[in-house]
Amino acid sequence: MRVSRFFMPLLRETPAEAQIVSHRYMLRAGLVRQASAGIYSWLPLGHRVLRNIEQIVREEQNRAGAVELLMPTLQSAELWRESGRYDVYGKEMLRIKDRHDRDLLYGPTNEELITDIFRGAVRSYKDLPRILYHIQWKFRDEIRPRFGVMRGREFLMKDSYSFDVDAEGARRAYYKMFVAYLKTFARLGLKSVPMKADAGPIGGELSHEFIVLAETGESQVYCHKDLVDMPVPDNVDFEGDLEPYIRERTSLYAATDEKHDSEAFAKIPADKQLAARGIEVGHIFYFGTKYSKPLNAKVAGPKGDEVLVEMGSYGIGVSRLVGAIIEASHDDAGIIWPESVAPFRIGLISLKADDPKTREVCDGLYQKLTAAGVEVLYDDTDERAGTKFSMFDLIGLPWQIIVGPRGLANGQVEIKNRKTGERQNLSAEAALNMFTSGK
RNA sequence: CGGGGCGUAGCGCAGCCUGGUAGCGCAUCUGGUUUGGGACCAGAGGGCCGCAAGUUCAAAUCUUGCCGCCCCGACCA
């Protein structure tokens with residue numbers, strides 16, 4: 001993509017409403033624009049990041065054996081009356097009436113709907129287990145939206161729902177999602193720590209929050225230090241025994257403020273105690289028959305008896321993750337995207353767009369990199385060098401290829417790593433090679 | 001929802017107290033000089049001063065109501 005044709009409105013100054021760093025950078029780098037309180041338009045750069053995150057989440061769900069579908073944003077109130085939550089949910093739920101005066105709602109979550117789909121389609125225990133998920137926009141009419149996309153009212157969420165014939169099966173599903181989450185967040189360049197959590201209004205017994213440590217996090221969290229850098233399970237057989245992975249992590253103390261037990265925390269060796277701020281990026285629940293019972297979701301069991309299905313639900317805040325990643329990865333100059341989610345891998349910076357030699361080398365690099373499937377944002381505008389450097393540091397692409405007459409006089413272009421600040425000079429061919437080989 | 005604050009050019013702000021018909025910086029456009037870390041000079045365009053009503057000869061400024069947004073708290077992926 002050429003900057004001259006892209007749509008990337010950058011802000012030199014920080015809008016007054018943005019308080020935390022991720023919100024400031026998201027506005028300045030042209031990732032989002034606020035439409036109204038807690039509701040955002042995703043501009044091209046932000047949209048690319050959102051899609052990249054979504055795709056990683058999807059791949060890890062699929063790998064764990066979950067099956068994707070898509071449910072609507074608007075739901076009928078009837079189902080919610082059936083589960084008893086229509087009156088319980090409170091003002092967070094946006095209620096709407098259609099032209100026939102029927103009650104609708106903009107889904108804050110999808111337990112009812114998925115259970116309805118399930119009960120209408122599944123009759124036998126032989127159809128179990130299943131984990132279904134979708135990635136869809138949700139709306140929760142938060143009393144006070146804040147921190148940009150981190151606590152919006154409208155947000156993109158991946159939510160999975162597991163169906164099993166018994167509690168033992170449900171536990172296996174829970175473990176699958178637990179491990180899938182560890183892998184997902186690691187691929188997003190985040191260090192996540194699962195913490196014992198409150199099941200909240202969704203209800204249930206087994207529940208963990210996945211927390212990303214960040215100074216500006218909303219929640220106060222406490223955990224054993226070893227959890228932070230614990231290696232993520234590799235080559236996982238999701239049909240095998242996952243319990244060791246879970247035990248490894250749940251045997252060490254980790255809890256959010258609400259569940260914090262200061263006595264248990266005090267038993268951790270002093271040098272291993274970690275009290276920090278964190279951002280909740282995922283939440284998993286096992287809630288048994290809480291919804292299958294009122295909605296009468298039953299299957300025929302092996303002995304011909306009817307059994308209520310055991311369920312769990314598993315959420316990841318996809319749009320929140322954009323903010324969380326920035327909170328965890330930035331510096332004074334701007335965002336530092338992990339390669340896995342970066343909107344482009346490389347920023348190709350032409351320092352002198354009207355210099356024939358510079359343009360020739362840039363055009364060549366752009367063409368060859370693009371042809372090789374490398375995503376490049378090519379700044380072919382005639383902005384001043386300093387402006388371009390600042391812009392590219394702000395938008396945080398992992399790599400910059402800097403091309404100007406001065407370097408070309410020695411037959412060289414410069415490569416800068418945004419994260420480390422490391423620079424190297426090499427020929428254009430070598431630079432091309434560096435990004436196209438092994439890809 | 002309780003408490004606090006703010007709505008003036010695309011962004012950041014001044015002007016409001018003490019009414020006289022709008023200004024600064026950045027951005028944008030034109031011309032020139034510059035050109036490897038957010039250049040300089042000269043000029044130009046851009047505003048129902050959040051909306052409505054009221055007071056007044058006269059309202060960005062005073063009064064009332066409404067709307068929007070932000071911050072702190074209780075609540076949450």
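Every chain is numbered from 1, with letters handed out A, B, ... down the list of sequences. Remember, it's a predicted structure, so these values are computed and weren't measured experimentally. Any value given below was found using the heavy atoms of this structure, including those in side chains, with hydrogens, waters and symmetry copies removed.
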Assign [X] to base, sugar-phosphate, or nothing according to its heavy-atom contacts below 4.0 angstrom with the strands shown.
| X | result |
| --- | --- |
| A16(A) | sugar-phosphate |
| G404(A) | base |
| G148(A) | nothing |
| E414(A) | base |
| D393(A) | base |
| G407(A) | base |
| L11(A) | nothing |
| S36(A) | sugar-phosphate |
| I316(A) | nothing |

Taking the minimum atom-to-atom distance to the side chain of [X], which one of [options] wins?
| X | options | answer |
| --- | --- | --- |
| I402(A) | rA77(B), rG36(B), rG73(B) | rG36(B) |
| E280(A) | rC70(B), rC26(B), rA77(B) | rA77(B) |
| E13(A) | rA74(B), rC11(B), rC75(B) | rC11(B) |

Next item on the list: Would you say whether F389(A) stacks on rG38(B)? The test is a distance between ring centres of less than 5.5 Å and an angle between planes of less than 30°.
Entry: no
[X] [atom1] to [N] [atom2], straight-line distance once rounded to whole Å:
| X | N | atom1 | atom2 | value |
| --- | --- | --- | --- | --- |
| E142(A) | rA77(B) | CD | P | 9 Å |
| F147(A) | rA77(B) | CZ | P | 16 Å |
| H208(A) | rA77(B) | NE2 | C1' | 17 Å |

Check: Any donor-acceptor pair under 3.5 Å linking the side chain of K368(A) with the backbone of L432(A)?
Finding: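 The answer is no, because no donor-acceptor pair under 3.5 Å joins these two groups.
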Would you call [X] and [Y] a salt bridge, using N to O less than 4.0 angstrom?
| X | Y | result |
| --- | --- | --- |
| E59(A) | R63(A) | no |
| R81(A) | D103(A) | yes |
| E82(A) | R119(A) | yes |
| E310(A) | R171(A) | no |

Give a yes/no answer on whether the side chain of [X] brings an N or O atom under 4.0 Å of OP1 or OP2 in [N].
| X | N | result |
| --- | --- | --- |
| R146(A) | rA74(B) | no |
| R144(A) | rC72(B) | yes |
| Q34(A) | rG68(B) | no |

Check: Rounded to the nearest 0.5 Å, how far does CG of L105(A) lie from CE of M93(A)?
Finding: 5.0 Å
Margin query: Working to the nearest 0.5 angstrom, can you tell me the gap between H330(A) NE2 and L394(A) CG?
Written below: 12.0 Å
Margin query: Here's a test of your reading of the structure: between A18(A) and G317(A), which maps to the more 5' nucleotide of RNA chain B?
Written below: A18(A)
Note to self: Between the base of rG12(B) and the side chain of R28(A), is there a donor and acceptor pair under 3.5 angstrom?
What the structure shows: no
Grab the N/O contacts between the protein and nucleotides 28-35 of chain B below 3.5 Å, and write none if there aren't any.
from: rU34(B); atom 1: O2; to: R384(A); atom 2: NH1; distance (Å): 2.8

Notebook entry, point to check: Crowded around K293(A) NZ? As in, over 12 foreign heavy atoms under 6.0 Å?
Noted result: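 No.
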Next item on the list: Please work out which of the three classes, parallel, tilted or perpendicular, describes the rings of H208(A) and F178(A), given edges at 30° and 60°.
Entry: perpendicular
Next item on the list: Sticking with atom C1', work out how far rC24(B) lies from rG15(B), rounded to a whole angstrom.
Entry: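 One C1' to the other, the span is 10 Å.
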Dump the pairs, protein N or O against N or O of nucleotides 4-7 of chain B, anything under 3.5 Å, distances to one decimal.
none

